[in-house]
Amino acid sequence: MSIWEYANPKKFIATTTPLVPWVLGVAIACLVIGLFWGFFLTPDDFRQGSTVKIIYLHVPAALMAINAWFMMLLASLVWLVRRHHVSALAARAAAPVGIVMTLIALITGAIWGQPMWGTWWAWDPRLTSFLILFLFYLGYIALWEAIEDPDTAADLTSVLCIVGSVFAVLSRYAVNFWNQGLHQGTSVPVATGERTISDVFFVPLVICMVGFGLLFFALVMVRTQTEIRVRRMRALEMRMRS
Amino acid sequence: MKLTVTDLSVARGGAPVLSGVSFVVNAGSALVLRGPNGIGKTTLLRTLAGLQPAVSGTVDVPEDAVAYASHADGIKAQLTVTENLAFWADVHGTTMPDSVFGAFDLDDLRTRLAGTLSAGQKRRLGLARLGVIGRKVLFLDEPTVSLDGFSVKMFANWLRDVHLAQDGIAVIATHVDLGIDAPELELTPFKSTAHAGGGLDEAFL
Amino acid sequence: MKLTVTDLSVARGGAPVLSGVSFVVNAGSALVLRGPNGIGKTTLLRTLAGLQPAVSGTVDVPEDAVAYASHADGIKAQLTVTENLAFWADVHGTTMPDSVFGAFDLDDLRTRLAGTLSAGQKRRLGLARLGVIGRKVLFLDEPTVSLDGFSVKMFANWLRDVHLAQDGIAVIATHVDLGIDAPELELTPFKSTAHAGGGLDEAFL
Amino acid sequence: MIALLRRDLTLAVRAGGGFGLGLAFFLIVVVLVPFGVGPEAAVLSRIAPGILWVAALLAALLSLDRTFALDFEDGTLPLLATSPLPLEGVALIKGVAHWITTGLPLTLAAPALGFLLNLEMSAYAWLLASLALGTPALSMIGTFGAALTVGLRRGGLLMSLLVLPLYVPTLIFGAEAVRRGALGLDATTPLLMLAGITLGSFALLPFAASSALRVNLR
Amino acid sequence: MIALLRRDLTLAVRAGGGFGLGLAFFLIVVVLVPFGVGPEAAVLSRIAPGILWVAALLAALLSLDRTFALDFEDGTLPLLATSPLPLEGVALIKGVAHWITTGLPLTLAAPALGFLLNLEMSAYAWLLASLALGTPALSMIGTFGAALTVGLRRGGLLMSLLVLPLYVPTLIFGAEAVRRGALGLDATTPLLMLAGITLGSFALLPFAASSALRVNLR
Ligand code: HEM
Ligand SMILES: Nc1ncnc2c1ncn2[C@@H]1O[C@H](COP(=O)(O)OP(=O)(O)OP(=O)(O)O)[C@@H](O)[C@H]1O
Ligand SMILES: Nc1ncnc2c1ncn2[C@@H]1O[C@H](COP(=O)(O)OP(=O)(O)OP(=O)(O)O)[C@@H](O)[C@H]1O
Ligand SMILES: [Mg+2]
Ligand SMILES: [Mg+2]
């Protein structure tokens with residue numbers, strides 16, 4: 001059987017319903033452990049003092065903010081090519097979660113920036129491109145909300161998501177070109193395996209990242225289920241009426 | 001040329017509207033769609049013209065022969081009557097036959113800005129567009145709204161003597177009597193019942 | 001109450017359209033305006049309703065009893081049928097009679113967004129507004145456009161049994177037969193001749 | 001009149017977040033300026049009061065566009081004109097509705113955007129006060145502009161052209177108040193002027209707007 | 001397609017100076033900024049490149065608004081969709097027409113407005129070049145946004161929200177080119193990037209726009 005069978009709304013709900021409590025449970029466990037470990041069991045950084053602990057919220061949130069957009073892009077492509085309703089709804093469900101992640105990254109970053117750079121906000125490329133990402137999320141969600149017919153909305157937001165992705169990458173480049181910035185580069189490059197961060201900070205950070213990832217996954221599942229139920233109610237209403 | 005509709009189901013706003021509509025219209029003949037308000041005439045015509053997808057069933061017609069005309073007939077208020085028609089002729093790559101002004105009683109209005117026409121005059125201009133674009137298969141949604149009796153007759157004459165006589169096809173939704181000799185299709189029997197299914201949201205049930 | 005029109009001349013876009021129109025409509029009766037497209041029915045009705053000034057002549061009618069309704073009937077697509085009507089009831093300080101939904105066959109459509117109605121259903125909603133605002137003198141411009149036969153009859157019934165029966169007045173421009181028993185006024189004889197004068201630009205001649 | 005206000009607000013919400021969009025535009029203009037001007041904090045903080053006010057003004061302007069146009073196109077306006085509501089009241093209500101959907105959220109959000117432009121700490125109170133006092137004037141002046149251009153197909157742009165010069169005094173006093181605040185000076189005078197402009201426009205412009213509407217309906 | 005272009009230009013002229021209005025808006029934004037920011041020449045000259053570009057962008061945006069909306073409301077769009085013109089062509093032509101009525105006059109007028117903001121002498125050539133290369137991208141991106149929002153009643157504002165983030169790269173490279181010019185540096189790289197964005201948009205966005213149109217017509 002093919003993976004596309006899960007694109008059937010009924011099957012999707014049946015499969016994910018038992019999954020959600022587990023994923024959510026593990027996510028919360030990871031977050032509790034990771035945050036507790038990070039906040040209370042790691043030493044203060046020799047330069048940054050205790051403010052370094054913001055990293056346990058900031059970095060996972062930033063990561064998920066980007067991944068959520070990737071997921072939306074994928075789901076949009078699936079919707080445009082194969083027209084599975086669940087994928088369109090999943091994209092719709094992911095957007096608010098993604099924008100909240102973006103906001104968490106922005107806000108924790110701003111709080112961090114105050115002691116580190118002496119300012120709440122600086123037009124640093126990394127920060128700036130996050131702000132742009134926030135705007136893309138905002139536009140995407142606004143477009144979903146503005147259109148009455150769900151299929152039309154799904155089509156148009158998918159087109160927007162694809163075009164938006166291209167321009168988001170372009171903006172990232174442009175912003176780099178425009179300003180070299182204060183924000184540090186990545187210190188957890190997945191590909192090379194090198195890292196510039198010590199193990200004491202690294203292990204709880206990874207636990208937090210896993211926690212955020214699973215939390216995102218669980219939230220998207222729940223929200224997709226809700227969207228499916230909304231559509232089902234709509235369908236029932238139509239049937240009653242005609 | 002021939003318009004063949006087989007077992008067509010159409011939906012609007014996610015709700016099934018009509019189902020199981022089948023008919024054939026041969027070259028040189030017209031079909032009049034009848035039915036009470038809200039039965040689905042507009043939805044059916046838009047589907048036939050390819051402006052919205054069918055839920056199921058097929059519409060068989062050469063796609064580049066189709067034209068659609070509804071209440072909103074794409075008239076630009078800031079262009080004159082002639083300019084409006086010339087634009088559509090240009091878009092369709094045809095030349096504008098001068099006879100069209102006579103056929104739709106627009107002779108005196110040629111240089112008037114379309115925005116200053118009365119309701120009926122504007123509608124005549126919208127219909128004249130059909131005489132300009134040279135399409136063979138016309139889907140007309142209430143073409144004679146706000147026309148006076150004389151103009152209705154004029155339009156019927158054009159349809160019979162020009163369009164159908166040249167092997168055209170027309171499917172017309174209307175509530176009034178056009179005075180042309182065409183078979184009528186009452187749509188009430190095709191109304192989708194509650195459990196007919198086929199709406200776009202069916203997948204969720 | 002009485003509508004008295006004396007020697008009225010009306011103009012549109014600077015050109016005289018009709019001149020010397022006089023008539024009286026008594027409480028409880030209607031007048032049907034007839035005439036070919038472009039003769040000036042819309043212009044006359046707008047002048048009667050006070051939306052544009054008359055060139056000469058007088059319209060005598062209590063101003064706060066007047067309502068005007070045309071093709072564009074002020075329906076908001078994003079509001080439901082009930083909300084649309086409730087808004088107009090509120091604006092006119094009346095209470096919405098529940099019977100109006102029955103009278104215009106809107107019972108099943110109460111909670112539908114007006115944007116999702118078919119052409120005829122929308123028009124019924126526009127007419128239902130007249131039953132809500134409680135105005136006594138109605139100026140109606142082609143009220144039955146795109147209504148089916150049954151709905152036309154329903155509207156005629158409402159007009160006769162509700163509006164006129166309560167001493168209302170109605171002046172209606174239409175090209176179709178409404179099936180109400182009212183005197184007709186053919187406007188063709190009042191058409192302004194080229195030298196009739198009375199246009200707004202007369203002062204420059 | 002309450003019915004009209006309620007309807008306009010309902011429509012603003014139903015038509016896809018009427019409240020949010022003016023705000024979003026404000027946000028975006030404020031965000032775009034640094035992309036144009038460059039990221040230096042000193043420059044940004046210097047021009048912040050002016051930019052915030054210009055952005056507020058443009059946001060108000062853009063959402064004005066269709067205040068009357070929608071009601072004109074679907075024939076609501078002639079119906080309102082023959083209703084018991086005075087057209088002056090209609091114009092006033094439109095101004096108020098525009099302020100609630102645009103000016104108010106804009107005022108509340110402005111401090112957050114001040115951060116982005118590195119606005120001086122001392123200026124925030126003045127920013128809030130000046131916007132609260134000044135944006136109603138923007139709404140009412142804009143409503144007048146919308147009434148003037150309601151019948152025109154490309155009204156939006158023409159309206160901007162007519163309205164922007166009328167916005168100049170409001171802009172000058174508003175930005176001046178914030179700038180003085182940023183410098184730690186007293187900004188009571190420009191604030192009083194703003195209040196005066198707002199009161200004056202609400203007292204007089206509904207009449208001008210309604211006569212413009214009446215002419216456009218002919 | 002030429003017929004469509006010709007008609008759009010005629011309509012722009014007939015509807016009350018389509019050419020002039022985008023320009024006028026540009027002028028007014030540039031004039032308003034000194035009112036907000038204050039009159040010091042040094043500050044103005046520093047921010048001039050950015051402000052000119054932001055103003056150009058807003059002018060382009062505001063006149064976009066009804067690119068498709070008018071054709072949608074009066075039913076032209078479904079008729080074009082069933083005509084022999086490919087919808088991609090329609091979208092492309094709309095972009096071109098928008099550029100001719102807005103981008104082109106704006107480019108030509110920009111140097112004059114540079115004077116108002118005390119732009120450095122060395123920057124004028126770059127200003128012209130960057131606008132000439134960048135404004136077509138603004139038009140085409142905006143046309144895409146207009147196609148997305150054509151069916152919505154309050155489309156104008158939503159369109160701005162969708163389009164402005166897409167404008168960011170164009171804005172950055174455009175303003176950067178002028179700024180480098182003002183500092184007497186070489187600005188070839190940003191200009192090349194601008195040209196790339198313009199070419200890319202004209203190559204790809206007509207397809208995205210036409211698919212959005214098709215969906216909106218359903
Ligand atoms: C609003 C402001 C900020 C935003 C939007 C932001 C955004 C991001 C993003 C997207 C990442 C993930 C990068 C990656 O892993 O590749 C990240 C990581 C990080 N950020 Fe921020 N940041 C902000 C402010 C700050 C501040 C003020 C600091 C402290 C000086 C900071 C320090 C870090 C650190 C240490 C990392 C981890 C980098 C790594 O080790 O991978 N950020 N930030
Ligand atoms: N967006 C929508 N959502 C739900 N139902 C809709 C929507 N749009 C239209 N409908 C319904 O679909 C049905 C078919 O509408 P359609 O416009 O095709 O009718 P019609 O036969 O053309 O009627 P008329 O003679 O009044 O023009 C109507 O009952 C209408 O209320
Ligand atoms: N702005 C204008 N400039 C010049 N002439 C105009 C203008 N507007 C309308 N007219 C003309 O005025 C005349 C009267 O128009 P009106 O709309 O009143 O006619 P009508 O009787 O309502 O016609 P219909 O039955 O077609 O609705 C028409 O001949 C019309 O062409
Ligand atoms: Mg219909
Ligand atoms: Mg008329």
(request) Could you tell me whether C:Glu184 and C:Arg34 make a salt bridge, using a distance below 4.0 angstrom between a side-chain N and a carboxylate O? (result) yes
(message) When you measure from the side chain of C:Asp141 to the backbone of C:Thr42, do you find a donor-acceptor pair of N or O atoms at a distance under 3.5 Å?
(response) no
(message) Quick check with a 6.0 Å cut-off and a 45 degree axis cone: is C:Arg124 positioned over the face of C:Phe155's six-membered ring?
(response) no
(request) Can you tell which part of C:Ala173 gets under 4.5 Å to a heavy atom of chain B, answering side chain, backbone, both or neither? (result) neither
(request) Tell me, for C:Ser151 versus chain B, whether the close heavy atoms (under 4.5 Å) come from the side chain, the backbone, both or neither. (result) side chain
(request) Go through C:Leu147, C:Val145, C:Thr144 and name the one with the most non-hydrogen pairs under 4.5 angstrom from chain B. (result) C:Leu147
(request) Could you check whether the rings of B:Trp158 and B:His163 sit parallel, tilted or perpendicular, using 30° and 60° as the cut-offs? (result) parallel
(message) Counting heavy-atom pairs closer than 4.5 Å to chain B, which one of C:Gly40, C:Gly35, C:Ser118, C:Gly149 comes out on top?
(response) C:Ser118
